[in-house]
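Down below is the structure, laid out as structure tokens.
Only heavy atoms go into these numbers, but all of them, side chains included; no hydrogens, no water, no symmetry mates. Throughout, protein chains are lettered first and strands after them, A, B, ... in sequence-line order, and every chain is numbered starting at 1.
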Amino acid sequence: MFRYIMERLFISMVTIFLIATATFFLLRLLPGNPFQSTTVMTVEMRDQLMSYYGLDRPVIEQYAKYMTSALKGDLGYSFKYPGRSVNDVIKRHFPVSAILGLQALAVGFPVGLLLGVVAARNRGKPLDYMCVFVSIIGVSIPSFVLASLLQYIFGVKLDLLPIAGWGGFMSRVLPTLAMSFGMIAGEARSMRASMLEVSSEDYMKTAKAKGLSSWQIVWRHQIRNAILPLLTGLGLRAASLLMGSLIIEQIFVIPGLGLYYTNAIQSLDYTMVMGLTIFYGSILVFTNFLVDLSYGLVDPRIRIAD
Amino acid sequence: MSNGSESTSTSPVAAQSSRLGNNEIELTQVDFVIEGIIGEDLEAIVRPSISFWSDAWRRIRKNKIAMISLLFILCIGIGSLVCPIFSAYKYTETNLACANEGPSAEHWFGTDSVGRDLWTRVWIGARVSLCVGFLGAILPSIIGIVVGGISGYIGGWVDMVMMRIVDILMCIPSMIYVILIMLYIGSGVTPIILALALTGWMGSARSTRALVLQLKNREFVLAAKTLGASPGRLIFKHLIPNTLGYVLVGITQAIPGAIFQEAFLSYIGLGVQPPMTSWGQLAQMGSAVFLVYPYQLLFPALFVSLTMLSFNLFGDGLRDALDPRLRD
Amino acid sequence: MKKLTVFTLTVFLTLMFVAGCISNGPKTEVEGSKIINWVMGADAITLDHTKAEDNLSGEIIYHVCDPLRRSIGGIFEPAVAKDYDISEDGLTFTYYLRDSLWSDGEPVVAQQFVDAIIRILDPRTATANAHNYYPIVNAKAYNTGEITDASLVGVSAPDEHTLVVNLEEICPPFFDVCSSTYPIRKDVLEEYGESYGSEADKFIGNGPFKVKSWTHDISVEMVKNENYWNAEAVRIDQLNRLVVQDGNTRVSMYDKGEVNFVGAIPVVFEEKYEKIHPLSSGAVVALEFNLRGMNPETGKVLSNVNFRKALSYAVDREPLAKAVGGKAWKAAHRVLSDAHMGVADTYHNEYPLQNTLPKNADPAKAQEYLAQALTELDMTIDQLPEFTFLLFDVESYKMFSEAIVDGWEKVLGLKCFEISLLPIPQCIQAGYDGKFDIYFQGIGGNRDPYYNLEYWTTNGAINWTGWSDPTYDQMVADTNRYIDREERFAKIVECEQYLFDHGPIEPLFYSGNCFVYDDEVITGVTTEAFGCAYQFVYADMKP
């Protein structure tokens, strides 16, 4: 087991390195440069700036320079925001996105599972249709529409919750809800499908024949097996939730990382894009690693086979 | 004892039984007349032979909700082709004098801020959204299934390498690819679908791989292997049909995803180029003004939601129809 | 499995609860004082005025730093420099500074202005602002690295209250630019190095307000600076600028009373408010034609003046400006914005132009021009090549382009335009590389019309058209020979006429945006098209 973990860790490192490399070169393929978003400048001015930042040196040289400092943990300074270091930006804004993401996960995953279980257990009956309907609504409405609607209904019309901001508990309700909706819908449908698949398995019939109560069957057998396919998706979903949603952060004025990421690519802020990509890459790789591990834990068949 | 249908001679059994006594019957070959093979139908399956797919079609036909959904989708599809042609207005036609008008007899869905008829634009948008939705979900799924299936089946270091490649590709911000594609191929529906295909196959590859990993150690697979099935037969006749259920649910979930991806791309300027539009773009423009002109958001959002609802319901029905265990 | 689920769920829920209790908002207010909560759509990028190049940073800097002379509502007033002198030959500016203090009590001295200008010109600072200071002796040489001794640059402080600036060539428009320079403190710079200006505590200013806190992309809090030399005139106690990107949210916040001043209201809400104030941005939006074309066929057609005029006259400027741009947008009838000031009145009133463009489309004239063009080119409509119309991927630009292209079809029967939207850096790069036929260009709001005209000289920053006319270049350069404003502007209008008649651009709109506030509650707010749009230095509030 230990050897397995070390192997996987090593491979994760290599993966992150490759991610950084690929992103670096792809970014350089894009025409344009970081200085053109706000000011109008002459070609000479632009060339001067490029040369100052070393952007006119051969790409390989720039790559080597960046990677050496990145390996030391220094992700450089933003091109767009003079004087702001990328590390600083991450330290300041990631916790916000992460908390929002975790909240959405904490709400979305269990609720989605529950809906899926209830729907599957009452298959064909009105309760099933209701649950499916609710979950489908979640998948059918674009996030910006949903967020705007929620903000309008609860924040403006009913005046129950703050419209925007990231302060106390109350102001987090709406963004968390908006963010978790998609997850609830997705998990509910997947769980329902999975539960139904599992329900016709032989061991289910055995359990029933053994005389186990419905709840015991559902808890010990059905859910445990049904949840497996959802775990793979969960890893990805969790990572993307942690990354923050541009739309939610924008509409609810939340100082998260999602906004930074999109703006960075749009304004070709090289260091910011690289830094954030490496950061996210690490999270994703790490999450996948955890999910793969947990897979082995939960499903004995895979453990034996691997 | 005498039912008289088959025997042409006196019943030898009766004769024997009288010979041996009441509770013992000794039967030898003499006691039986070989009639020959009466017909193959003795082992015939009662109902007619039917292939996997026609059976599925037959079953889904019975599912009313799924059929209604399918009908709805077809209507939207036909509408998208036909309605803009028969409309009094072109989707590019601006008329500043009647901007931002609500629904009326002249403009069934109202007009937008430069006076374009929204009815026509919603139907034109349908073309793009349906196209992008379908192809943008099916293409990446196919690529993902193939890659994930092979990776999961072969296992070992091939699996390891492929999954690491998937990991790497997943982490590179997809926006970069999209911008690159847009720049080198141009803009329009094809580059968007290409962009979606290239950035979306990873997710389905991962889940297919997980499924295959699970399935390949199941009894029926081991049984087929023992019986000498080739890998190809295993993959196509056994593994894939069992993954189809999840795959189909995956695709039906991917279709709205593809449509919203297109909306998000338009949001940051990489979507369909004007004057062509899509539901995503219309909804996005509508949400900016919905506090004042709610109808500009209502109609595109309604169309998107209902279509997605139909895709999901149909997908569910399809999955039920394809599940071998739900045969009746 | 059950235990695992229960455990995980508990962890999640606890996390959520804990997270919910951590407060993160900067809502510190003092009861009963005069507070303006001002909301904009984006945040400042830096507080370092030597590096700041965008409006949003500029607006904050305007309030927390004090320049030599301050523009209030478009009129320059003495600030740190209580008096000034310009030599007869126009080559020397002398500023006489008053006694004033930084927000930490240190005195403001002339050397700090020298430090600021040198820093801007220092190649190691790497800012595009350097270009603005090139008229100074040896400025360009220092900036390009030709010389490395900063003391050779023509700016000096003979004593603590005198600042002398020497120019290489006479340049009247430069005076206002130079007067807008803010001072900088070397000791604070050295303390924070690269990150100076990136945080509230890594900065020091000498303006009417001082920065209390800066939460990136959320808000900037500013409080009155008691050490300001004119502190009695500043009546507002706290000025908070909030950042809310979503238009709907901004408006909802105003309705709910969370903010009392909204800048850049989305067009759709303009009808809703009585107390709405349109403000010109001083910028002009124009069609820039690539005379070389993306390929020779398009280049040939676009080089024909009548073709360009045909397209220009087919645009229904005024209705389009109002429909998409809103109340603050207007039809452009000439090249320079209507926000420019002349000598005693507006530039437009004092210096009229010939053959100005109509407010609405003129189909008859447009068709006439087209017919003429086609004859000259010896082509029929169907033989026209396809033109690429390039623009930023901004929502309003998209609508404009769609309406304009539709107009060309309706009025001229032309269907040969393809709209191409790109993200800003790629769009600008495509502009540099000449990969467009028609570009939807925004021509920046510089206070002095000279700079806006200079853009179209042969090496002008946004002249990607291949139009190079030595006569025009010379005319523009010559305008600087006149120190007297009236004489200079008489030459400027000649340049404008020349550009208008022969140049590769067709002006479309004068842009702007609307802001909303209750002017009976908040008084004394000044605004201007150039420089800092919203000025609260002398604002006051009724309780």
Side-chain angles (χ1 to χ4, degrees), chain B residues 89-101 111-117 120-121 124 175-176 178-188 191-192 263-278 281-282 284-297, chain C residues 245-252 255 265-273 315-326 360-361 388-410 415 417-427 429-430 435:
Chain B
Y89 304 95
K90 282 172 63 186
Y91 73 96
T92 49
E93 204 177 312
T94 61
N95 184 350
L96 296 172
C98 55
N100 288 324
E101 282 180 9
T111 60
D112 67 4
S113 52
V114 283
R116 289 179 293 201
D117 179 49
T120 321
R121 283 181 69 76
I124 275 282
M175 264 215 279
I176 301 186
V178 177
I179 301 184
L180 280 173
I181 292 177
M182 293 282 175
L183 283 172
Y184 288 106
I185 303 189
S187 47
I192 295 181
F264 179 70
L265 290 177
S266 319
Y267 196 73
I268 52 176
L270 302 169
V272 193
Q273 296 284 340
M276 188 45 93
T277 187
S278 69
Q281 287 198 10
L282 288 170
Q284 187 242 316
M285 290 199 290
S287 68
V289 302
F290 89 98
L291 284 179
V292 185
Y293 305 115
Y295 65 92
Q296 287 189 22
L297 175 63
Chain C
Q245 266 186 316
D246 182 56
N248 291 343
T249 314
R250 283 208 288 280
V251 170
S252 301
D255 291 338
I265 276 249
V267 180
V268 71
F269 295 112
E270 285 174 4
E271 292 302 321
K272 195 173 158 183
Y273 299 102
V315 179
D316 208 12
R317 288 174 172 80
E318 184 74 15
L320 197 53
K322 294 296 183 224
V324 182
N360 295 77
T388 306
F389 188 2
L390 182 63
L391 37 121
F392 294 164
D393 56 17
V394 171
E395 193 58 47
S396 56
Y397 279 27
K398 205 157 54 133
M399 297 252 229
F400 275 127
S401 66
E402 292 177 48
I404 291 176
V405 167
D406 185 51
W408 286 336
E409 186 179 335
K410 273 202 295 236
K415 296 191 202 177
F417 300 96
E418 190 193 296
I419 299 178
S420 172
L421 290 174
L422 285 178
I424 297 180
Q426 282 78 41
C427 197
Q429 187 65 37
K435 294 206 181 114

Pick one of side chain, backbone, both or neither for Pro266(C), based on which atoms fall under 4.5 Å of a heavy atom in chain B.
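For Pro266(C), there is no contact with chain B at all, as no heavy atom is under 4.5 Å.
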With only heavy atoms counted, which part of Glu271(C) is less than 4.5 Å from chain B, the side chain, the backbone, both or neither?
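Nothing of Glu271(C), per the 4.5 Å heavy-atom cut-off to chain B.
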Residue part contacting chain C, namely of Ala99(B), when any heavy atom lies under 4.5 Å:
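Contact with chain C is absent: no heavy atom of Ala99(B) under 4.5 Å.
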Answer with side chain, backbone, both or neither: which region of Val289(B) has an atom nearer than 4.5 Å to a non-hydrogen atom of chain C?
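Backbone plus side chain of Val289(B), per the 4.5 Å heavy-atom cut-off to chain C.
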Measuring from [X]:[atom1] to [Y]:[atom2], what's the distance to the nearest 0.5 Å?
X: Lys398(C); Y: Met285(B); atom1: NZ; atom2: CE; value: 5.5 Å
X: Glu318(C); Y: Leu96(B); atom1: CD; atom2: CG; value: 11.0 Å
X: Thr277(B); Y: Glu402(C); atom1: OG1; atom2: CD; value: 7.5 Å

Heavy-atom distance under 4.5 Å between the side chains of Lys410(C) and Thr94(B), does that happen here?
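When only atoms from C-beta onward are counted, Thr94(B) and Lys410(C) do touch, with a gap below 4.5 Å.
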For Asn248(C) and Ala288(B), work out which heavy atoms get closest and say how close.
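It is OD1-O, 3.1 Å.
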Nearest heavy-atom pair of Ala323(C) and Ser113(B): which atoms, and what distance?
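Nearest pair, atom of Ala323(C) first, then Ser113(B): CB-O, 3.9 Å.
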Are there over 12 heavy-atom neighbours, none belonging to Lys322(C), within less than 6.0 Å of that residue's NZ?
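Check passes, neighbour count above 12.
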Within 6.0 angstrom of Lys272(C) NZ, more than 12 heavy atoms from elsewhere
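Above 12, so yes.
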When you measure from the side chain of Asn100(B) to the backbone of Val268(C), do you find a donor-acceptor pair of N or O atoms at a distance under 3.5 Å?
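A pair under 3.5 Å: no.
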